Amino acid sequence: MHYFDHCASSPPQEEVIRTMAEIMAKHYANPSSLHRSGQEARNLLERARLVIAGLFPGTAAADWLFTSGGTESNNMAIAGAARSLGRRGKHLITSAIEHPSVYDTCKSLEREGWTVTYLPANEAGSVSADDVEEALTAQTALVSIMHVNNETGTIQPVGEIGRRLKERGNVLFHVDGVQSIGKVKVDLEECRIDLFSASAHKVGGPRGAGLLYVRSGLQLAPVYRGGGQERNLRPGTENVPAIVAAAKAFRLAVESQAERADRMYALRERLLACISAIPELVLNGSPDVAAGGQAAPNIVNFSYPGMKPEVIVHMLEKHQILASTKSACSSKSDEPSRVLLAMGLPRDRAASGIRISFGDEHGEAELEWLCGMLRKVVHKLKPLERKEG
Amino acid sequence: MNPDMILLRFGEFTVKGKNRDKFDKRITEQVRKAVAGYARAEIVRAYGRIYITLNGEPYEEMAVKLKSIFGIASFSPILRTTSELEAISGAALAVMQALPKQPETFKVSVRRVDKGFPHDSQEMNHLVGGHVLRELPGLKVNVREPEVELRVEIQPEGTYVFSSVVPGAGGYPYGTNGKAMLLLSGGIDSPVAGYLAMRQGLELEAVHYHSYPFTSEKATEKVIDLVRRLAHFTGSSIKLHLVSFTDIQTAIAQCNHNSLIITLMRRSMLRIAEQLAEQREAHGLVTGDSLGQVASQTLGSMNVIGRTTVLPLLRPLVTMDKNEIIRIARQIGTFETSILPYEDCCTLFVPKNPTTNPNLNIVENAEAGILNLQEMIRQAVATVETMNITPEIQSAVESAGQDDWF
């Protein structure tokens with residue numbers, strides 16, 4: 001089986017599984033308990049926080065909250081900031097290509113009296129820093145832009161946006177970094193990021209563990225109520241085994257990021273060449289960074305206009321290849337991709353997107369196999385194309 | 001700009017005749033330790049100064065370490081050039097351009113030690129100043145109150161150019177003014193008192209009283225963290241004496257002199273510290289007392305409590321404002337640990353109305369009524385647990401679990 005769906009969820013690494021299993025067996029005490037076992041669990045939790053802070057220069061352990069994953073981090077960041085900042089102004093800027101956990105949270109704020117600007121992306125999938133700046137009003141309290149788009153893999157100009165926002169002063173900047181950690185360089189300090197979300201299972205960690213960075217001095221309003229854990233923002237007994245395993249996965253991912261990016265850009269280039277050579281397929285997103293584009297190293301998105309993407313996914317699976325249509329979170333709906341539409345792509349192209357996302361286990365041999373299968377599948381499907389009237 | 005050298009200047013101790021050698025030796029040793037991790041750095045001793053030649057080692061990292069060495073009054077990053085006008089002018093411009101913020105005014109001060117150099121100091125002031133002014137439009141000369149003083153020293157071996165003077169920690173080299181015991185509770189004040197005492201050249205050993213199970217192990221961990229932080233300033237380690245105070249404290253709590261509990265506790269603590277001082281050959285006790293801050297720190301309380309010991313009681317914070325103490329605690333990195341909410345034995349059994357003006361006779365009578373007090377004190381001293389805390393030892397959090405889990 002060739003698993004090309006790393007952006008949906010990635011295979012956990014052996015040593016991460018071992019960390020999780022051993023801690024689960026030994027350290028079951030509640031970190032809030034006063035006894036020694038409880039304190040040991042607490043210390044594990046705090047050491048995990050130190051490890052995380054060490055991966056992101058300019059951040060302190062106290063700035064990091066453990067959450068259940070990217071969706072929760074995004075909800076807590078946006079709803080929490082909105083509730084604590086409401087008095088500053090009720091305007092929020094985001095983009096039309098965000099993950100549903102950002103997009104739908106913003107939609108729900110509109111029902112609470114917020115005005116939301118949804119910026120479009122260009123054909124390469126990129127939101128423009130100029131557009132962000134132009135959309136700013138005196139009422140703007142928060143800007144939320146993702147780092148790497150989960151469908152196209154396009155890297156957004158968060159550094160440039162962060163710098164311009166700080167020139168304007170009082171606007172908070174949230175970045176959904178779920179797809180960027182371990183793939184592209186993340187520098188929270190340089191990009192002037194106030195809030196940052198991450199998820200462990202995208203980097204070989206366990207599901208049910210995520211991170212939210214909250215810049216020190218920033219007060220979020222709690223979305224949940226409970227026993228005061230995680231600075232009262234994410235109450236509930238901490239998932240110690242998953243959190244420590246997540247810290248390990250994040251560390252491994254961040255420490256090898258540069259090497260991984262180089263390796264994957266080479267693979268991506270081959271895949272792009274292969275897809276370009278199949279006339280029925282059209283690439284979506286941005287060229288590689290080396291070619292002047294803004295693509296993350298691990299994601300390729302293409303369309304087969306006139307073909308239902310589910311058919312391709314199922315055909316590929318017959319040949320032991322697992323890929324996705326749109327993002328896994330919304331792949332069951334029949335609608336065209338909101339992200340591809342926001343990039344201005346025609347409806348037939350937006351409705352037929354396929355995402356290939358690879359991982360550390362893939363090399364040239366796997367990519368060759370994938371290319372061969374794509375050619376084969378397209379050849380078989382060709383007679384079944386639906387031509388627009 | 002990574003400078004070529006760092007010039008270290010020392011404080012008042014350099015003028016103190018006989019002790020000077022001891023001071024000199026101690027500070028050189030500490031500077032040597034601070035730069036030990038940088039293989040290419042070399043230390044050059046000169047009269048009343050030390051130069052560190054960097055040979056490419058990073059200045060910024062080293063500066064952080066130098067700032068915590070007691071006895072260094074200030075230091076300056078220096079560019080070193082050959083003694084030729086063009087090279088000196090170039091270095092002067094580089095130094096000005098490397099300033100974190102471009103000043104509006106400056107002046108040049110040239111010292112020509114090498115009299116063989118063709119231009120005298122006055123000429124050099126004009127030549128170097130003129131070059132800098134031409135290259136940095138907007139900059140003006142102000143000889144009376146310049147924002148920046150650009151200094152040039154023409155020595156026989158070469159010319160040193162520098163402008164920034166970074167304040168050091170000041171004081172005396174650690175351990176050059178004797179040894180004392182520090183009573184360390186875990187609050188905000190006592191670590192600051194310890195820091196100030198150390199800065200004045202005192203070597204310290206810390207004494208902490210715990211009342212397990214009334215106090216938690218977290219409280220002890222917290223004190224270890226504080227001592228570790230203080231150990232950063234010594235260049236080596238600090239001994240921490242952990243005293244079990246449970247028996248004494250419960251006896252005092254039951255002696256029916258509720259308002260005197262704190263007074264009686266403090267007196268017993270001083271007795272224990274005094275005996276430990278004798279064993280450790282220390283000649284003073286350092287406390288975090290600040291006049292009037294709590295009931296046991298009124299002048300009346302200090303009088304009755306202090307009588308317990310004949311050793312000098314050093315109270316570096318005695319006239320200091322709380323905000324000032326907190327400012328130092330933040331600066332030395334003890335504040336965040338100090339405010340962790342673990343109870344220490346000083347806050348246990350605290351009466352609602354502690355006396356602010358205890359009567360010595362009543363206090364002495366109350367002590368006489370506590371069965372076996374002297375014996376319990378002797379026992380506390382005999383069972384003391386001593387740890388050697390180095391800056392490198394890991395905290396409970398840093399060493400939690402197994403390393404390969406992370």
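Lettering of chains follows the sequences in order, A, B, ..., and the numbering in each one begins at 1. All figures in this text were calculated on a predicted structure; none of them were measured in a lab.
- Taking 4.5 Å as the heavy-atom cut-off, none of the residues of residues 231-243 of chain A approach chain B.
- To the nearest 0.5 Å, atoms CD (B:Gln402) and CZ (A:Arg18) are separated by 7.0 Å.
- The contact between A:Glu46 and chain B is made by backbone and side chain atoms together, counting heavy-atom distances below 4.5 Å.
- Looking at A:Val51, only its side chain comes within 4.5 Å of chain B, counting heavy atoms on both sides.
- Formation of a donor-acceptor pair under 3.5 Å by the A:Lys248 side chain with backbone atoms of B:Asp404 is found in this model.
- With a 4.5 angstrom heavy-atom cutoff, B:Glu217 touches chain A only via side-chain atoms.
- Neither the backbone nor the side chain of B:Ser216 comes within less than 4.5 Å of any heavy atom of chain A.
- Within a 6.0 Å sphere centred on CZ of A:Arg207, heavy atoms belonging to other residues, nucleotides or ligands number 12 at most.
- Ranking A:Thr19, A:Leu50, A:Leu34 against chain B, the residue ahead of the rest is A:Thr19, based on heavy-atom pairs under 4.5 Å.
- The line from CZ of B:Phe406 to CZ of A:Arg47 is 5.0 Å long, rounded to the nearest 0.5 Å.
- For chain B, the nearby parts of A:Leu44 are the backbone and the side chain; heavy atoms of each come within less than 4.5 Å.
- Looking at A:Arg49, there are no atoms closer than 4.5 Å to chain B (heavy atoms on both sides), in backbone or side chain.
- The side-chain contact (heavy atoms from CB on, under 4.5 Å) test with B:Trp405 is passed by exactly one of A:His27, A:Met20, A:Glu15: A:His27.
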